[in-house]
Amino acid sequence: MQIKNNYDIYWEKEVEGKVDVGSGVFNGEIGTITKVDEKEKQIEIRFDDEKKVWYEFSDLEQIEHSYSITIHKSQRK
């Protein structure tokens, strides 16, 4: 789960066969780690809205595990 807004991080997602790109991942968005690149020191996260984002290991303080979150956080309140 993203725990703080990051307006600058680049994302991409496939929409109807086309690649859509943009920037910004926001507090409360939940995703799944899909790849870990030890050599480049990056991880890829696919968020619930299908955005794919690569995080540098140095940026991992922006995310935390969400396997045990409160009802309020799960409702994005």
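We count residues from 1, following the sequence as given.
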Worksheet item: Is any side-chain heavy atom of Gln2 less than 4.5 Å from a side-chain heavy atom of Asn27?
Response: no
Worksheet item: Is the closest side-chain heavy-atom distance between Ile63 and Ile3 below 4.5 Å?
Response: no
Interatomic distance, [X] atom [atom1] to [Y] atom [atom2] [nearest 0.5 angstrom]:
| X | Y | atom1 | atom2 | result |
| --- | --- | --- | --- | --- |
| Glu50 | Asp20 | CD | CG | 12.5 Å |
| Ile30 | Asp48 | CD1 | CG | 6.0 Å |
| Leu60 | Ile45 | CG | CD1 | 7.5 Å |
| Thr32 | Arg46 | OG1 | CZ | 9.0 Å |

Worksheet item: Hey, mind stepping through Lys13 and Val15 against side chain to side chain contact (heavy atoms under 4.5 Å, CB included) and telling me if it holds?
Response: CA-CA 6 Å; Lys13 67 179 172 180; Val15 178; 4.0 Å; yes
Discussion item. If you count every heavy atom of other residues, nucleotides or ligands that lies below 6.0 Å from Glu38 atom CD, does the total exceed 12?
Written reply: no
Fill in: Donor-acceptor side-chain pairing of Glu56 and Gln42 below 3.5 angstrom
yes
Fill in: Residue pairs fulfilling ring pair (Phe, Tyr, Trp, His ring centres under 6.0 Å) with at least one residue in residues 2-57, sequence neighbours excluded
Tyr7-Phe26
Item to complete: Output yes when a side-chain donor or acceptor of Asn6 lies under 3.5 Å from a complementary backbone atom of Val25, and no otherwise.
Response: no
Discussion item. Run the salt bridge (Lys or Arg N to Asp or Glu O under 4.0 Å) test against Glu44 and tell me which residues pass, sequence neighbours left out.
Written reply: none
Discussion item. Once salt bridge (Lys or Arg N to Asp or Glu O under 4.0 Å) is applied, do any residues pair with Asp49, and if so which ones, sequence neighbours excluded?
Written reply: Lys51
